[in-house]
Structure formats: C-alpha cells, structure tokens
Amino acid sequence: MDLPKPNAAAAALQPYLSGLTPSQRSVVDHRGGPLLVNAGPGSGKTTVVTHRIASLIAEGVAPWRILGLTFTNKAAQEMRGRVEALLDHAGLTADGVLLCTFHSFGARLMRTLPDDFGVPARFVILDAADQKSAIKQAIRAANLDPKSFTPASISSAISAAKNQLKNAEAYESEAVDFLTRAVAKTYHEYESRLKMQEAVDFDDLLMRPAVALRDQPELRARLTQRWTHLLIDEYQDTNFAQFLVADLLVSEARNVTVVGDPDQSIYGWRGANIGNILEFETRYPDAKVIPLGENFRSTKTIVSAADALIRNNEQRKPKNLVAANDTGDRLRIRRSEDERGEAQDVVDHLKQVERSGTPWAEMAVLYRMNALSRVFEEVLRRDGVPYIVAKGTSFFERKEVRDAVGYLRLLANPRDEVALERVVNMPPRGIGATSWSRVIGEARASTQSVWEVMQSPSRIEGVSTRAAKAIESFVEMVQGWRSSLGHTGAFEALSRDLSDVVQRVIDESGLAAHYARGGTEEDHDRVENLDELVSAAADFPGVVSELPGLAEDAEPTLEHDVQTLEAHLFGWLESISLVADSDLVDPTRGVLTLMSLHASKGLEFEEVVVAGCEESLLPHQRSIGDDEAIEEERRLLFVGMTRAKKNLTLTSAKSRPVRGFRESTIQSQFLSEIPEELVERWEANENASADAFLQGSSPSPHGGRRGPSGRRLASLFPVGCLVEHEQFGVGRVEAIMPRPTGTTARIDFRYDGVKTIILEYAKLERLE
DNA sequence: TCACGCTCCCTTTTT
DNA sequence: GGGAGCGTGA
C-alpha cells in the first residue's frame, strides 16, 4: 500500500533538509511508532512538522493518509502553505493532506457521516452567544432561580462534563448534591433544545467524535484505515476528548507525532490537560522523545529573561532554553502614570520603532484582558496609527451582523429556533412578545417545531389576525429565499451567488432600510457592517465540508469544487463560527496587532509590548491565592515574552480604573523574577508628562490631524479606476469595503497581484 | 406593540 | 463602564 520507496522525489527534498539541526532532522526522519517533540518557543516547530509531512509524502505515503490537527485555522493554513512549497520543489503535490483544526475536523467528520455520530445532517454550530441564550432558556425551563444559577457557571459545568465525555444521563447519575442536580436538570433541557434545533455546540465537535470512535469499533476501523499518519500541534493544550480522538485514531498504525511545550500550556481553565503531554511516554511506552530547546526566534536577552521567569514554576520538567541569536537589547520595563499614559507611551515608542524601519505588521501589543484594548485603540486612532484588534468574532458579534447571520442560519435550517427568535421581529414587523409566546406555546403543546406551527398561524389560539398575517408573510419571505439554494456550481460562482443571497436577505428583510432610516453615526456604521458582510460572503473561497473516502479504504476522489449553494452556505456559516482570534493576524495588511496573550500563542513579531503587567491583571485577580493558577498565569507571560524576536517591552500603569473607580496598582510579581541585568527600567515622573519625557515635546493635540473621511476616500477611488501605490506600483481597484479599521480596498496590482489595502494609511494616487 | 430610559449586576482567557 | 432586563409612556 504505502511502502516507503526512496526515490527521486525524496532526493529532491534533501537540500531542504540539510538546513535543519540534528535534533530537528531526527524529528523529520523518525519512522514508525509514537513520537513526542518537546519543542520550546521558537525552536522551529512548524518547520519540523511541515518537513516531516513533506518527507513522508516524498517517500511515497499518499497525502490523503496524513492528518494534521492544529488549534487555529491560521496554523493549519500556514502549515499547508509550507508543505505545498516544499513538495513543489520536489515536483510533488500535497493535494489531499488534511490539515485543519480539531474543531473543524470534528465538524467535517460529523457532516460526512451524520448517522454514525448521531447528529442531523444539517446541524448548525452554536456560537458563544447562542449557546448562552440556549443555556438561559434551559435554566428557565428547568425551573431554576436564574439569580443563583448564572448561565456562565452552568455552561462551564456542562462544558467540563462534555470534555469528560459525560452526557446528560451520565452526569445525572453522578449528581449527588443540590448544585450538580440542578446542573443535570439544565443539561437535559439544554440537550433537548440542541436536538430540537438541529444544533451542536463547540464541545460536541470534540465529544461526539470521541464517543463514536470509542464505542463503534466498525467506525473506528474505517477511520483508522483512512488516516495512517497523525500529527498534532500544541499538544499541551489538548483536553480529554481530543486526547481520546487522537489515541483512537492511531490505535492501529500508531504513527502519531505530537508537538508541544508544557511551559506554554495556557488553557487549563477550559479543560486542557497538561498531563496528556507530560504522560505521553507512559501512555506510549515505545515513544521516542525528542527535545527541541534551541531558540532561533528571539535574542539571547529575551530568551534568558523568559527562561528566568519560567524557572519559578514548580510544576514543571526543567529544561534549558538556549538562544542561537545575538544578545540584542535589554528588555524595557516601563511604569506609566495611568492607563492613558501607558497607552500613549507605548504608542510613542512604537511610532519611533516604525520610523526606524520596522513595519507595523511586525509589532504587537499583548494584554491579559480584552478590555485593555480600548484605551490603546483610542490613542492609536487619535495618532493615526493603523491597527487591528485580533478578536476573531468581534465583527460577528455586532447586533446588525448577528441579525443578518440569523436570517441566513434560518434559511439554512428553519428549525434553528435561536436564529428564528432573533429575527422574527427584527426589524419590527408586528410579531411582538405576546404573539410570539403564543406561537411558542402552541409548538410546545404539540409535537411540532416552531417553524411548522408558523406555517398556519391563523390556527393558533390567541394570535390576532394582524399578527397571523405578519407571520404568514414572514414565512413566505424565508421560503422564497430558500428556493434559490438548490442549484449547483463551482466555488467561485457560488461565492458570487452567496453574496447575492446575503444582499437579498439584508434588503428584503428590511434590515438595511431599518438602519438606513436611523441617520445617526451608529446607524451609518451598521449599514456599512452589513455591506461588509456581503463582501465577506463574496470573499469566501469555499470548502468541501464533507471528507471524501471515509466509506471505503480506497483513494478518495479529491476533485470536489462543485457543490450546491446550500452546502456552500453551510460551509460559510461553519467557517464563521470557527474563526479564531489569531486568524485575523495578517501581515500583508501592514498594521499593528492588538490581542490577548492567549491569542498570541504560536505567533511572532519583531517588536512586542506586554501591557498591564500589574497584580490582579497579570496574574489575574481570580488566580491569586491558587498556586496552580498562578503558574498558568506565569506561563501566559512566558508565551507573551517569547513572541518577541528583537525587542520586548513590559509596561504597567501606576493607577487604573477598576469597576469605574480609579485604583493604585502594584507592579506584577512576575517582573521581579526577571534578572535586573537584562532590563532597563523607566518610571513616569509625576511632574513631567510621559510624552514630554520621551519626546522632548508637548503631547499631540486631541483629535488633531485627521485625513479625509472613509466615504470621501471611497469616492476618490471608485471601483475600476487605475491607481499607483508607492510600493506595489500600478493597479486597478476591484472593490471598496468599509471596515471598522478603515476603508479597505482590494486592488489588483500589475506585478504583485491582488492586495488588500487600507485607504486611510496607504499612499495611493489615482492615475488618469 | 415599541422605543426609551432607568437600575442593577457583573467583571479572564477561547474553539 | 457596560450590558441586560424591566417598567413606563406614546
């Protein structure tokens, strides 16, 4: 079948392997049996994984037999790109290699074999907000006091149960006290709601595959034959369900490679089990273990500082971090007057760095809590610095976008009650709370779904003729949209059709008109966001949501770029619900990145600032007093510090508002764990403003220098016009998209191809 | 039925 | 500081 046969392709790969260190090389060359790669930060983890995959393929392993699992789409994409590039040099193709996130792997398995996994064929994935509202409904249905049972606490209890593969019945059988019994009751209600709505949550995407693989030998046999080589990234952050999926998938071929770093385990709070990586050798006694400790990313100073910090953790296997690079500059530890001063000092510093030649895309500001982005955003906007807040879902969390997506979900699956309830009277169309509760009541009393009940509204008791009419025309409208979903096409055409559908939904539902009527700045933004949603649909490249070749042990057909518009819509909705924060980091946009420390894992930047290094922020309040939690906080800072290639700044503010009141802060205990000879400290002087101290000038005036507005810019560069960019040369404007971060233009450059550029920042000139 | 305004409550990190 | 839920007036 897949007999390794040294051949010309393998030989062609040799030059690319010779650049590796002996340890890296041994990861690539290992054959047969489990392999654990203990990879410190910057040790070339992605390089060894991608070279290993390429090398397997060059040796004759069929690409479609290789499965690589990651935690973010970005990581998966990056790996795919690098594997393709490597194989290209050897005249081979990577087509068929499956590189995706754990969650999307689960979703695709279930999409392909819904019966085996016990889910409806057209299930939708609940996002965090939907899940919260489903939990709320369940709490109400379970007759619990919503004051003593918060959705957050119940939902994390259910999530923990699912991580342990306990369904509602199993959970209930173990529930002994008042609290766990209340959770059990809610769990039951929650599950029946999911079932009724043909929905699954994030945890189901991991739990169901694990359970099915465990309990169905026949299914397990099929899948273990399909994938003979498994590679897992960030293994330190896998939970029990993920461990089991991986463990069962490799139960036959046993070709599993896991890569991770226990010092970068930062998801314990959501069920990640650091024991998976620490006890890998116990689970697989024949495992080969290869440490990769040499750091090729950061300066010696940064590595020494991070090493000194992490040595304070007691629950840890000691290891030596060694830097291959130069010593570099000392870490800058800055203590500003308040949170505004901190943001201003950081921005002033970064502007200086930019002037001396580092592009914005190579800089990042990291923080423990997303709330910290606010003050940075204000200062950045005022100073005209291009930036992006890497919070994957933030665009899709806006009310108007959620409404529009609600309509789309409804048309993908009219049994999606969360979506239905959200949009049924948005914009207001005369189906108010009273009528709606009658509809719900009718559905609950019968065995019908809410959507079915809505088919004949006049039959519902207590619904006025007027409301019945409104319901009728609502149903008709949704049916009308649904009738256009049947046709098939190639991905490119489908994306065009999809954006037409989105446009139609926004127009015909009355959403666009509703906001256009408003006339305030906010309403205007909402209309722009709806426009952007249409562009996003058009930009969706399309995915094959079903995995080929699961049914039989044969080479799967891989040509699958034709499907129905409905499948395309499902694919898009799925991709929306599975975006990760770090997926938004895109160096080609040329902007500064703001993000949480958690989201920064796996990324790297020349210049990094970790802001808010204060007690009760980092470490966070909720971890103080809990030694294990403090160690996870320390690992979090370790992750942040090791993102930096050249320069690292750790900042804090002497005072910061907490719950509306300004409080004095204490510098993070972690800062005192960094050796003094590696740092250079500066503290704000009460008498001199930080700006004056750093710049020798007065602070820039508030609200000063603003360029032309986004709308004006858009009219200056109409679609189709020829423009010249100082770096990319001549190009033609393909699309103008208003975005929260600036007016974005897609431009097809004569020599550099299609680029996305923000008009506010790009020096663009119109030709002709 | 709907919009607006008031009050009260919470407050980490994410796929 | 902000969001959700509730009450009131149109």
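Computed from a predicted model, the values in this text were never measured in an experiment. Lettering of chains follows the sequences in order, A, B, ..., and the numbering in each one begins at 1.
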Looking at B:dT12 and A:H620: do their rings stack (centroid distance under 5.5 Å, interplanar angle under 30°)?
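Stacking between A:H620 and B:dT12: present.
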Planes under 30° and centres closer than 5.5 Å, is that true for A:W269 with the base of B:dT13?
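Here A:W269 meets both the 5.5 Å and the 30° conditions.
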Can you check whether A:R622 has a side-chain N or O nearer than 4.0 Å to OP1 or OP2 of B:dT13?
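No, outside the criterion.
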Does B:dT15 have OP1 or OP2 sitting under 4.0 Å from an N or O in the side chain of A:S104?
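For A:S104, the contact criterion (side-chain N or O under 4.0 Å from OP1 or OP2 of B:dT15) is not met.
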So, does [X] use its side chain to make a donor-acceptor pair with the main chain of [Y] at under 3.5 Å?
X: A:E400; Y: A:N529; value: no
X: A:R111; Y: A:F123; value: yes
X: A:S336; Y: A:D338; value: no

Which nucleotide, B:dT13, C:dG2, B:dT15, lies nearest any side-chain atom of A:S596?
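Between B:dT13, C:dG2, B:dT15, the one nearest the side chain of A:S596 would be B:dT13.
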From the options B:dT1, B:dT12, B:dT14, select the nucleotide whose nearest atom is closest to the side chain of A:S435.
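Of the candidates, B:dT1 comes closest.
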Can a side-chain donor-acceptor contact be found between A:S668 and A:E614 if the only test is distance below 3.5 angstrom?
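Absent: no donor and acceptor within the cut-off.
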Residue that, paired with A:V49, satisfies side chain to side chain contact (heavy atoms under 4.5 Å, CB included) out of A:L231, A:L99, A:T70:
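The residue from A:L231, A:L99, A:T70 that satisfies side chain to side chain contact (heavy atoms under 4.5 Å, CB included) with A:V49 turns out to be A:L231.
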Criterion side chain to side chain contact (heavy atoms under 4.5 Å, CB included) against A:F638, the qualifying member of A:D261, A:I266, A:N312:
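For A:F638, the side chain to side chain contact (heavy atoms under 4.5 Å, CB included) check succeeds only for A:D261.
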Rounding to an integer number of Å, can you tell me how far [X] [atom1] sits from [N] [atom2]?
X: A:I158; N: B:dT15; atom1: CD1; atom2: P; value: 21 Å
X: A:N370; N: C:dG2; atom1: CG; atom2: C1'; value: 15 Å
X: A:L637; N: B:dT13; atom1: CG; atom2: C1'; value: 14 Å
X: A:N163; N: B:dT15; atom1: CG; atom2: P; value: 15 Å
X: A:I624; N: B:dT12; atom1: CD1; atom2: P; value: 14 Å
X: A:Q264; N: B:dT14; atom1: CD; atom2: P; value: 16 Å
X: A:L597; N: B:dT14; atom1: CG; atom2: C1'; value: 13 Å
X: A:K132; N: B:dT11; atom1: NZ; atom2: P; value: 9 Å

Is there any protein nitrogen or oxygen under 3.5 Å from a nitrogen or oxygen in nucleotides 2-5 of chain B, and what are the pairs?
unit_1, atom_1, unit_2, atom_2, d
B:dC2, OP1, A:G430, N, 3.2
B:dC2, OP2, A:N425, ND2, 2.8

Stretch residues 627-636 of chain A: residues that reach within less than 4.0 Å of DNA chain B through a heavy atom
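Per residue number, the list is empty: none.
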Within a 6.0 Å radius of atom NZ on A:K399, are there more than 12 heavy atoms belonging to other residues, nucleotides or ligands?
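For A:K399, atom NZ is crowded (more than 12 foreign heavy atoms under 6.0 Å).
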Heavy atoms of other groups near A:E628 CD, more than 12 under 6.0 Å
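No - once you tally the heavy atoms of other residues, nucleotides and ligands closer than 6.0 Å, there are 12 at most.
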Between A:E631 and A:R316, does any NZ, NE, NH1 or NH2 come within less than 4.0 Å of an OD or OE carboxylate oxygen?
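No salt bridge links A:R316 with A:E631.
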Inspect the contact between A:E234 and A:K601 and indicate whether a charged nitrogen and a carboxylate oxygen are less than 4.0 angstrom apart.
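Yes, charged N to carboxylate O under 4.0 Å.
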Closest-nucleotide 5' rank along DNA chain B - winner of A:R368 and A:L578:
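Nearest-nucleotide comparison on DNA chain B picks A:R368.
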Hey, which of these two, A:S464 or A:H598, hits DNA chain B nearer its 5' end, going by closest nucleotide?
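Its nucleotide being nearer the 5' end, the pick is A:S464.
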Tell me if the aromatic rings of A:H103 and A:F71 count as close, with their centers under 6.0 Å from one another.
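No; A:F71 has its ring centre 6.0 Å or more from that of A:H103.
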Does the ring center of A:W269 lie less than 6.0 Å from the ring center of A:Y267?
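Ring centroids of A:W269 and A:Y267 are less than 6.0 Å from each other.
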A:F71 near the nucleic acid: base, sugar-phosphate alone, or nothing, with a heavy-atom cut-off under 4.0 Å?
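Sugar-phosphate: the residue A:F71, judged by heavy atoms under 4.0 Å, touches backbone atoms but no base.
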Produce the list of close N/O pairs, under 3.5 Å, pairing protein atoms with atoms of nucleotides 5-8 of chain C; give distances to one decimal.
unit_1, atom_1, unit_2, atom_2, d
C:dG5, OP1, A:K136, NZ, 2.7

